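In what follows, a single structure is set out as structure tokens and then discussed.
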Protein chains: 2
Amino acid sequence: MELIFTDDYFMQRALQEAAAAFEKGEVPVGAVVVAQDRIIARAHNLTEQLTDVTAHAEMQAITAATNHLGGKYLQGCTLYVTLEPCLMCAGALYWSQISKVVYGASDPKRGGLSIFSQKDPQLKKGLNEASNLPLHPKTQVVGGVMANEATQLLQDFFAKKR
Amino acid sequence: MELIFTDDYFMQRALQEAAAAFEKGEVPVGAVVVAQDRIIARAHNLTEQLTDVTAHAEMQAITAATNHLGGKYLQGCTLYVTLEPCLMCAGALYWSQISKVVYGASDPKRGGLSIFSQKDPQLKKGLNEASNLPLHPKTQVVGGVMANEATQLLQDFFAKKR
């Protein structure tokens, strides 16, 4: 029997959410939250439709997942998101104490995670000492899952905008 | 004639919001958004009541202010908040392009602003180069306004909890 509940499987679902955002003229980013191999929340970027800069896919997915679970925290859950979370979303993930974050494409400009894994040991040390790493120390991070697909969607979107 | 619309005046309104949070058993943090000397949004922390870690005073105030204005951005607006914003809220304020942030008490543990004004020039340089400063480059920041009042509320809250 094949193991179907892989990171690719759930990232594919997040990419479907990103495609839904694309259709609405929103920057195509999608997310799902998974608990015990079950999707408990799905969301896509809605900043234009809601006229709300906080309506990123991750923020909505966190709120929906905690609503579903009836608790404030997402321990034991995994967030799959097509683009590296920004600082706002990374900060929200910290508060959620989520167990794992899997993202697709990196965001070198506004990504809130990669800055904290930069090569400069001084930078990393300073941030660790300030206890200000954006994610909870127990949160595991995996990047680059189906990154090409996520990047392609974003590139298509911005090419269409121009 | 006296100038009544000072930072203290609006921070006092944010403190009233914090007191409302206190009454509900929420960590007492309050915020107001001001445009042209008028309060266009007020909010307080509701993470317990809404079972939602993203329901910080600032997040709700940003959403309410953009709803009021009918646009995504808060240029020309000032946020008054009783406690230094965390990274999530700082990230949201970045996206809002708000013109000014005035906070009361500093949050050395989870504050999202003070880490970026640390004395270590290497740290600051690294972050600037990554274009990852949490706030928009045009956002002005003032800290320490009525900090004692904000701190007292928080201390009373946590003393009661123990």
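Letters A, B, ... mirror the listed sequences (proteins, then strands); counts begin at 1. Since we're looking at a predicted model, the values are computed, not measured.
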Exercise: do A/Asp52 and B/Thr66 side chains pair donor with acceptor under 3.5 Å: no

Contact origin within B/Ala90 toward chain A - heavy atom pairs under 4.5 Å: neither

Full working for side chain to side chain contact (heavy atoms under 4.5 Å, CB included) between B/Thr51 and A/Asn67: CA-CA 7 Å; B/Thr51 328; A/Asn67 277 350; 5.6 Å; no

hydrophobic_cluster_shared for A/Val53 and A/Leu50, side chain cutoff 4.5 Å: no

Atom pair CD/NZ of B/Glu48 and A/Lys72 - distance to nearest 0.5 Å: 3.5 Å

Shared hydrophobic cluster, B/Leu46 / B/Phe22 (ILVMFWY, side-chain heavy atoms < 4.5 Å): no

Non-hydrogen side-chain atoms of B/Leu87 and A/Tyr94 separated by less than 4.5 Å: no

Steps toward side chain to side chain contact (heavy atoms under 4.5 Å, CB included) verdict (A/Trp95, B/Thr54): CA-CA 8 Å; A/Trp95 291 118; B/Thr54 73; over 6 Å; no

Over all atoms of both residues, closest heavy-atom pair of B/Met88 and A/Gly91: CB-C, 3.7 Å

Same apolar cluster (I L V M F W Y, side chains within < 4.5 Å links), A/Val145/A/Leu113: yes

ILVMFWY cluster, B/Val141 and B/Phe10 together (side-chain gap under 4.5 Å): yes

